[in-house]
Structure formats: structure tokens, C-alpha cells
Chemist: 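Right, I'll just put the structure down here and ask away after.
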Amino acid sequence: MLIRVPALHDPLPSEITPRHAYLNRRDALAALGLAAASPLALAQVAPGGGKLPKLPGARSAVPGAMVMDKPTSYTDATSYNNFYEFGTDKADPASYAHTLKTRPWTVSIEGECAKPGRFDIETLLKLSAMEERLYRLRCVEGWSMVIPWVGYSLSELLKKAEPTSKAKYVEFTSLADKQQMPGVRSGVLDWPYVEGLRIDEAMHPLAMLVFGMYGEVLPNQNGAPLRVALPWKYGFKSAKSIVKIRFTEKEPVSSWTKAAQQEYGFYSNVNPNVPHPRWSQATERRIGEDGLFAKKRPTLMFNGYEAQVGQLYAGMDLKRNY
Ligand code: MTE
């Protein structure tokens, strides 16, 4: 039985983009002629970006896809990363991921499906309409961010492969290339990085296949050229730089489960009531809110997405299935 904590879902007043600021942004875009040139430009919710090619997306209509929280700055979101293929320090991916070659890039779809195949990145970019979604990202380490991703529901791709009735799970595999990824030369994880979901989780509209952020293509350190984003799960469930998607009958074994089974369960739903064996998960530090007086935030059940995803876990003991 799930315990509902509705009060915790309400954003803090300081997190909400004031209506006048939102309208001003629309006006500024219109003044630049952007709004007229493309209705998609109106959808931009986040400030800034780098100098990467533009990748706009229409504001998503998927329920829960646009949280009201203030977006993390582009600088923070692209310089404080976990991408162990490029090193274990938070600054390593931004320093070393330029060696990743994101073209040509192919994703193979395999396993329990009627139409397995290989999709090149250009085809994937055109497979469905790009949407912008503002998602919370909660890392198991206790920090969080709010990122405007660009992409579409993962289900759009998965259903093209026509999974069979034996497809109970979906396994994601990231690229592991020692030439391009210096961290892969270390034994810190059992490479390649592997993660998995139950098929109904993967088919949930909030499970997103991501190609961009902040209105631009993904920077390498954030998982270019494509990754997943699962806003109700700890960040490590969202594999970066994916090269293989496999439908399986058996529960996939993730790299983190192999590394420390008692610490990283298969579900890894954000749950303030289940501490990590070495630390609490009850609060989080929002990156960008550092400072002497910055209070930690209470972590929300399912990271605040309980209304959308809670039913997927009805009847499950979430203390055992962590
Ligand atoms: N994917 C791969 N291939 N390698 C990784 O090390 N780290 C995970 C996840 N995906 C990781 C990965 C973790 S622990 C987190 S918190 C998120 O990516 C971080 O995503 P971000 O750097 O875009 O914020």
C-alpha cells in the first residue's frame, strides 16, 4: 500500500517561475522574431545553453512532464556530472568527454521483439516530435538538479520494435570504448555500463529518450548523442550514450548491482523512507543552491512523481524492492 504525502509535492514558492517572468520571456522571444519563426521557440523554459547546435522541442503535454521548479543553470548541469567512463570525479566528464565521437552512431534493438534492428542517430532524431520537459534529477548521492531535456517518450521507439509477450524487461547498454573513454581503462565498474527497467516502467510516458537539453543537442558529458531520463528513479538508472536496447524475459543485472548488490537495487525508485545502507535519502542538496544558509530539501516519494508512477508499484513492498 502506497502512502500518499501530497503536501510534500507542492513546490516551494521560491521554486516557481513567476508568471510575469515567464511572460517576459515570451515577449522577449517574440521581439526577436523567434516566436513568429517557430512556435517551438515559445516552449523554451530554461535560460542559457552552450554553443552546441539547437534542438528545440515543443512544451510537453505529458502529465507531470513540466515541474514548476526553477531550472538548474546550464553551467552547473554540464560541469557537475557522473559519467564514470570519463572518470569518477564530478569535473572529469566535462574535462575529458570531448574525445567521445557521437557520429556515426547506431543503436541496436535486440531480444524479445518481432522487429529487431539497428537505428542510426539521424533516424532516431526524426522518429517522433521533439518535446521539452522539465524534470527533476535526483542522484543517489544526495544531490539534485532540474533539467530541461529535449526528446520524446522512450515508448515511441520501443513500440516500433514490437516487443513480444516474453519481453518483461528492457536492458540498456552504454558505449564502452577505451580509445574514446579513458575511464573504461579502469576497473571501477564492470563495463559496459548496463541498466534495466521493467517493461511497463520503460513504456510509461514519463520515461524519456533524450537527445538534447536547454534547447540544444546533448553535451557529451551529459550522455550524447542519446540517453534516457527517468525522473522518478535515482539518476544512475538513466544510462548515457546508449548503443544497445534489449528486450529480455529475465531481470537485467545492472553494473551498479554487480558492483554492490546490497546498495543498488533493481528498482531504485527515489524513496526518502529507504536509506542507502551508508547514508539517508530523506533530504537532498539542490545544485546551485549552495551557501551557508541553503537548507536541504526534503526528498519526495518517487521524486515527486508519485501521482504519475505510483500505480506501477501498487502492492509491492518498496522496502524490499528498493
Ligand atoms: N551512464 C553511464 N553510461 N555512465 C555513468 O557513469 N552515471 C549515472 C547516470 N548515467 C552514469 C550514467 C548517474 S550516477 C547519474 S546521477 C546520472 O547519469 C547523471 O546525469 P548527468 O551527469 O547528466 O546529471
Side-chain angles (χ1 to χ4, degrees), residues 46 50 52 71-97 100 102 105 107 133-151 171-178 180-197 207-214 216-245 252 254-260 263-265 268-270 276 281 284-288 299 303:
L52 291 167
T72 298
S73 79
Y74 182 84
T75 307
D76 283 337
T78 56
S79 58
Y80 189 89
N81 300 101
N82 273 334
F83 200 170
Y84 276 23
E85 287 84 338
F86 294 100
T88 55
D89 193 275
K90 297 284 176 281
D92 285 343
S95 304
Y96 305 121
L100 176 67
T102 58
W105 193 278
V107 179
R133 303 182 182 184
L134 194 58
Y135 277 1
R136 299 188 191 102
L137 181 148
R138 169 66 159 77
C139 185
V140 74
E141 295 163 342
W143 50 267
S144 64
M145 294 196 193
V146 179
I147 302 188
W149 300 116
V150 182
E171 182 188 82
F172 303 89
T173 305
S174 300
L175 180 74
D177 180 349
K178 285 184 185 154
Q180 304 178 47
M181 301 169 135
V184 174
R185 292 175 216 146
S186 86
V188 63
L189 281 177
D190 185 14
W191 310 109
Y193 194 96
V194 169
E195 259 308 338
L197 295 173
M208 189 178 184
L209 195 59
V210 170
F211 301 86
M213 57 196 273
Y214 298 81
E216 297 181 355
V217 303
L218 277 175
N220 288 358
Q221 61 267 38
N222 291 86
L226 81 165
R227 64 175 292 167
V228 285
L230 306 157
W232 70 99
K233 292 185 179 276
Y234 292 115
F236 68 86
K237 293 295 287 183
S238 298
K240 294 175 164 182
S241 305
I242 293 168
V243 289
K244 187 162 75 183
I245 298 177
S254 77
S255 303
W256 283 108
T257 303
K258 276 191 200 164
E263 301 199 4
Y264 306 103
S268 297
N269 291 316
V270 175
H276 183 277
Q281 292 292 9
E284 66 199 58
R285 182 172 64 92
R286 183 66 53 88
I287 301 295
T299 286
N303 208 19

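Atoms within each ligand, like the ligands themselves, are counted from 1 in listed order. Keep in mind that what you see is a predicted model, and the values were worked out from it rather than measured.
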Chemist: Just distances here: any N/O of Trp143 and N/O of ligand 1 closer than 3.5 Å?
Modeler: no
Chemist: So, for Phe236 and Tyr264, is the gap between ring centers shorter than 6.0 Å?
Modeler: yes
Chemist: Roughly how far, to the nearest 0.5 Å, is CD1 of Ile245 from CD of Glu171?
Modeler: 11.0 Å
Chemist: Any side-chain donor-acceptor pair under 3.5 Å between Glu284 and Ser144?
Modeler: yes
Chemist: Could you see which bit of Glu85 sits under 4.0 Å from ligand 1, with heavy atoms only: side chain, backbone, both or neither?
Modeler: side chain
Chemist: What atoms in ligand 1 come closer than 4.0 Å to a heavy atom of Cys139?
Modeler: 16 (S)
Chemist: Are any side-chain N or O atoms of Asp92 and backbone N or O atoms of Asp89, one a donor and one an acceptor, separated by less than 3.5 Å?
Modeler: yes
Chemist: Decide whether the shortest distance between a heavy atom of Arg227 and an atom of ligand 1 is less than 4.0 Å.
Modeler: yes
Chemist: Just by modelled atom types, is the Tyr234 backbone N or O under 3.5 Å from a matching donor or acceptor in the Ser268 side chain?
Modeler: no
Chemist: Give me the one residue out of Gln180, Glu85, Lys244 that meets side chain to side chain contact (heavy atoms under 4.5 Å, CB included) with Leu175.
Modeler: Gln180
Chemist: Would you mind listing which atoms of ligand 1 come within a distance below 4.0 Å of any non-hydrogen atom of Ser174?
Modeler: 3 (N)
Chemist: To check your reading of the model: name the closest protein heavy atom to atom 7 (N) of ligand 1, its residue, and the distance in Å.
Modeler: Asn82 O, 3.3 Å
Chemist: I'd like to know if the side chain of Asn81 and the backbone of Phe83 have a donor-acceptor N/O pair within less than 3.5 Å.
Modeler: no
Chemist: Out of Glu141, Met213, Lys240, Gln221, indicate the one that has the non-hydrogen atom closest to atom 22 (O) of ligand 1.
Modeler: Lys240
Chemist: Using a 4.0 Å cut-off to any heavy atom of Asn222, which atoms of ligand 1 qualify?
Modeler: 21 (P), 23 (O)
Chemist: In the protein, which heavy atom is nearest to atom 17 (C) of ligand 1, and how far is it?
Modeler: Gly235 O, 3.6 Å
Chemist: Within the structure, is a non-hydrogen atom of Ser238 found at a distance of less than 4.0 Å from ligand 1?
Modeler: yes
Chemist: Quick check on contacts: which atoms of ligand 1 are under 4.0 angstrom from a heavy atom of Asn81?
Modeler: 21 (P), 22 (O), 23 (O)
Chemist: I want to confirm something. Looking only at heavy atoms, which of Tyr264, Phe83, Tyr193 is nearest to atom 12 (C) of ligand 1?
Modeler: Tyr193
Chemist: Measure from the ring center of Tyr84 to the ring center of Trp191 and say whether it is less than 6.0 Å.
Modeler: no
Chemist: Is Lys240 salt-bridged to Glu195, cutoff N-O under 4.0 Å?
Modeler: no
Chemist: Of all the non-hydrogen atoms in the protein, which one sits nearest to atom 6 (O) of ligand 1, and at what distance?
Modeler: Tyr84 N, 2.7 Å
